[in-house]
Amino acid sequence: MIPRYRLGFRPDIEGLRAVAVLAVLAFHATVPGMAGGFVGVDVFFVISGFLITGLLLRDVSATGRFSLAEFYARRARRILPAAGVVLLATTAGAWLMLPPLRGGDIAADVVTAALYIANWRFVAGQTDYLAAERDPSPLLHYWSLAVEEQFYLLWAPLLLVLVLLARRLGRSPFPAIAVAIVTLTGLSFALSLWWTGVSAPLAYLSSPSRAWQFGVGALVALLMPYSSRPDGGEGRPDAGGSSDGTGQGRGRRPRFAVRVAQGALGLLGAAAVVWSIVRIGPSTPYPGTIALVPTLGTAAVILFRSPVSAALSSAPVRAIGRLSFSWYLWHWPVLVLAEAVLGAQPWPVRLALVLGSALPAVLTLKLVERPLRLSAVVSALPRRGLALGTSAMAVPLAAALLLNGGVVHGATATRATVTGTATDTATGTAGAPGTALRPTPAEARTDFPRSAGCEIELTATTSPPCLFGNPASKDRIVLIGDSHAGQWFAVAERIAVRRGWALEVLTKPGCPLPRLTVVDPRLGREYRECDTWREHALKRLAAQAPPRLVLVASLNAYSSDRAALTRAWDATLTPLSRLGAPLVYLRDTPLPGKDVPACLSGGPVADCAFPRRAALRPDPLAEQVRAGERPGVRLLDVVPLLCRETADTCPAALDGVVLYRDDAHITNTLAVRLAPRMEQDLEDLDLIPTVL
C-alpha cells in the first residue's frame with residue numbers, strides 16, 4: 001500500500017521558523033542568556049528537510065515521479081533572489097564603508113556565497129592560522145544556505161533514481177527511500193561525531209556533517225502519513241521554504257490517550273529546543289551528540305500536536321516566521337558592517353542593530369521574495385525560475401569582481417604615507433614625514449618569515465628537521481615557540497649565517513611554549529596536539545648536542561592567571577636550562593587587536609594606532625627575568641622601540657615600516673629591520689661572539 005501525501009498548510013511550522021530566527025538573532029546580538037541561540041540553524045535544517053522531502057514525496061505519491069527541473073526552479077525562486085539582493089547590498093556596503101583590503105576579502109566571500117560554496121571557504125579560513133585572525137565576514141551566515149543547497153543538489157537526484165528504479169521493478173519506492181534516508185542520516189551523524197572531535201569548523205560548517213539534520217526532517221516527512229495528526233487543511237502550493245508540509249489529511253480523531261501522549265512528546269520537543277538555546281554555549285563541542293537535543297526536539301514539535309502548536313500558530317509569531325528568511329539574510333551584514341565602522345558595541349546596541357535590520361528584511365520580503373516566488377509568469381515554466389536564479393547569482397558575482405578589481409588596483413598602486421614624525425625602529429631616531437609605507441598594506445598581509453614548512457599544521461605533533469644557515473656546523477641556534485617565535489626567524493637566521501652556525505627552528509602556531517593545556521578555537525577543543533608537540537620538541541633537544549643559544553618566544557595571552565603561567569613556564573624552562581646553553585626570552589610584541597594592513601589601506605597611519613594598555617599584556621616571565629629571579633635566562637625586549645612608554649597608543653607603522661601583518665604578528669620586513677639591533681644586544685650581553 002502506497003501512503004498518500006498531501007500538501008497541507010502548517011501554521012505551526014511557520015511559527016517554528018520564527019523561534020529559529022529569533023534564537024539566531026539573539027545569539028548574534030550577544031543577548032545574555034541566549035548563548036545557545038546558534039541552534040536556531042539546526043531548527044531550520046530540520047524544517048527544511050521536512051518540507052522539501054515532503055514536497056517530493058507528495059509528487060511521488062500523486063504521479064509516481066517528480067520533475068527535477070521544477071524542483072530546482074522552485075528552489076531558485078524561493079532562495080536566490082532575496083539572497084542575491086543581500087549579496088549585492090553587502091558588496092556595495094563594503095565598497096562604501098570598509099578599507100580596500102577588507103573589501104577584497106568580502107569580494108571573495110561574495111563570490112563563494114553566490115556560488116553556494118561559502119561554507120568551504122569559511123572552513124578553510126577558520127582552520128588556517130594565517131587567515132583565522134581576520135575580522136568576521138558579513139557573509140559568514142551564508143554557510144548555512146550553502147550547506148542546504150549542497151544537500152539538495154544531491155538529495156533530489158538520489159530520490160528520483162530510487163523512484164525510477166522502483167517503478168521499473170514494479171514496486172513502491174517508499175521502502176527504498178526510507179532505507180536511503182536512514183542510511184545517509186546515520187553515516188552523516190557518525191561523520192559529525194568524528195569531525196567534532198577532530199576539527200570543530202569542519203564539523204560545524206560542512207554539508208556532509210550536517211546532512212543528518214536534514215535527514216531527520218526527511219524521516220519526519222516519511223512518517224507523517226502514519227501519524228495520527230490532522231494536517232490542518234489544504235494550503236497553497238509553495239516552493240519548499242514556506243510552511244506547507246505533508247500530512248494524511250483529515251481523518252478520525254485519535255483516541256484520548258494517543259492525543260495525551262502526542263501532546264507530551266510535542267511539549268518535550270519544545271522544551272528540548274528551549275533548553276538548547278539557553279544552556280548550550282560556544283564552549284560546548286558542537287555539533288557532537290548534544291546536537292541531537294535541538295534536532296530531535298524540532299522533529300517532535302513537527303510530528304506531534306501539543307499546546308505549543310497553538311502558540312506557534314498565532315498571527316504575530318507566524319508574521320515573524322514569514323519574515324524569517326529575509327531577516328536572517330540581512331541581520332548579520334548590518335551588524336558586521338556597523339561594527340566595522342563604529343567598533344565593537346555592547347549587546348543592547350547590537351540588539352538594536354539586529355532589530356533595525358528587520359526594515360530591509362520587510363522590504364525584501366514584500367518587493368522581492370514573495371512577488372517572484374508567487375509570480376504566475378515566472379512559475380509557469382521551470383526554465384524561467386532557473387533563469388531568474390541564474391541572474392540572481394550572476395549579478396552579485398559581477399559586482400564582487402568589480403569590487404575586487406578596484407581593491408587589487410588600489411592596494412598595489414597606493415603607497416600610504418606617514419603624516420607625522422615617526423621614530424626609526426632600529427636606531428630610535430626620527431623619521432621624515434611623508435615616507436612611503438613598506439611593505440604596502442597589501443604586501444604586508446603576506447610578509448611572512450622565510451621559514452616555510454617549519455610552522456607546522458594544527459594537527460601535527462612533531463616538527464620536521466628545519467635547519468638553516470650551515471646545517472653541517474657543530475654550533476647551532478635554536479628558535480622555539482609558537483608563531484610569535486616564528487616571527488623572529490630573520491633575526492635568528494642573521495645571527496647564524498654571519499657566524500657560520502646552524503639554525504634549528506621548532507615552532508607550532510597557537511601552541512604555548514609554557515606547559516599550558518589550551519582550547520584551540522579553530523579546533524573547538526583541547527589542543528592535545530600542542531601538548532604532544534611540546535614534549536616531543538623538548539625531548540628532541542635533550543637528545544641532541546647542546547646548542548650555542550636558545551631563543552624562546554610565545555604569545556603572552558594564553559592565560560591571565562599569573563600563578564598558573566609562572567608554573568607553566570617553570571615546567572618548560574627547567575628542561576631547557578638543562579641543555580647547558582644560554583636562554584634568551586624574546587618578550588612578546590604589542591598586540592594591535594585589529595587588522596593593521598586593512599586599516600592602513602583605508603586611511604592615514606595615525607588613525608590605525610591602538611591603545612597601549614590593551615596591547616601590552618602583563619608578562620610575569622619578563623618581570624622575573626628583569627628582576628634577576630630567573631637565573632640563566634636573559635631578556636631581549638624590543639617593545640620600547642615599537643611603542644613609547646610615554647605614549648597612550650602604539651603606532652601601526654614607524655619610519656615608513658608597516659609593523660604588523662595582521663592583528664598580532666609583526667611583518668618580516670620589521671624583523672629584518674630589527675635584526676642588526678637585536679644581534680648587537682646579544683653581543684653586548686656576551687651571548688654570541690662579535691662579528692666584524
Side-chain angles (χ1 to χ4, degrees), residues 94 97-106 108-109 122 124-138 140 201 336-337 339-345 411 416 425 437 439-449 455 458 481-488 507 509-512 518 520-522 553-560 586-617 619 638-639 642-643 649-654 657-671:
M97 302 168 66
L98 299 182
L101 283 183
R102 278 292 315 274
D105 295 336
I106 293 170
D109 294 340
F122 296 132
Q126 293 191 25
T127 55
D128 178 5
Y129 82 96
L130 299 179
E133 289 143 350
R134 303 273 173 85
D135 291 327
S137 168
L140 180 59
V336 171
L337 292 176
E339 289 201 324
V341 175
L342 304 174
Q345 299 296 312
T425 54
L437 289 180
T440 64
E443 294 166 345
R445 279 196 165 177
T446 57
D447 194 17
F448 301 109
E455 294 191 353
L458 277 172
D482 59 7
S483 58
H484 283 240
Q487 67 184 359
W488 295 116
T507 53
C511 180
V518 296
D520 189 281
R522 294 157 293 178
S554 184
L555 173 68
N556 187 34
Y558 290 110
S559 175
S560 57
L586 305 176
R587 183 186 175 188
D588 199 16
T589 48
L591 302 178
K594 67 167 71 175
D595 186 341
V596 169
C599 181
L600 291 174
S601 73
V605 171
D607 291 350
C608 299
F610 46 92
R612 187 178 192 277
R613 174 173 292 186
L616 299 180
R617 305 292 183 91
D619 192 331
V638 299
V639 169
L642 305 180
C643 192
T649 60
C650 300
L654 284 173
V657 176
V658 176
L659 303 186
Y660 304 94
R661 68 173 190 250
D662 49 31
D663 68 345
H665 299 86
I666 64 171
T667 60
N668 190 58
T669 300
L670 174 62

Any donor-acceptor N/O pair, [X] side chain to [Y] backbone, under 3.5 Å:
| X | Y | result |
| --- | --- | --- |
| Gln487 | Ile666 | yes |
| Thr667 | Ala444 | no |
| Thr649 | Ala609 | no |
| Asp588 | Asn556 | yes |
| Glu339 | Leu337 | no |
| Asp482 | Leu555 | yes |

Would you say the side chain of [Y] lies within less than 4.5 Å of the side chain of [X], judging by non-hydrogen atoms?
| X | Y | answer |
| --- | --- | --- |
| Leu670 | Leu642 | yes |
| Pro590 | Val639 | yes |
| Pro138 | Ile106 | yes |
| Leu659 | Val596 | no |
| Thr507 | Pro509 | no |

Item to complete: Mind checking the CZ-SG spacing from Arg612 to Cys643? Nearest 0.5 Å is all I need.
Response: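 It comes to 4.5 Å.
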Practice prompt. Find the distance between SG (Cys599) and CG (Asp663) and round it off to the nearest 0.5 Å.
Written response: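 Here the rounded value is 12.5 Å.
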Discussion item. Taking salt bridge (Lys or Arg N to Asp or Glu O under 4.0 Å) as the definition, give me every residue that meets it alongside Arg587, ordered by chain and number, with sequence neighbours left out.
Written reply: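 Arg587 satisfies salt bridge (Lys or Arg N to Asp or Glu O under 4.0 Å) with Asp637 only.
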Check [X] against [Y] and note the closest heavy-atom contact, atom names and distance.
| X | Y | result |
| --- | --- | --- |
| Ala598 | Arg445 | CB-NH2, 3.7 Å |
| Leu101 | Pro441 | CD1-O, 3.5 Å |
| Gln345 | Leu342 | NE2-O, 3.3 Å |

Worksheet item: In terms of the angle between their ring planes, are Phe610 and Tyr660 parallel, tilted or perpendicular, with boundaries placed at 30° and 60°?
Response: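 The arrangement is perpendicular - the two ring planes meet at more than 60°.
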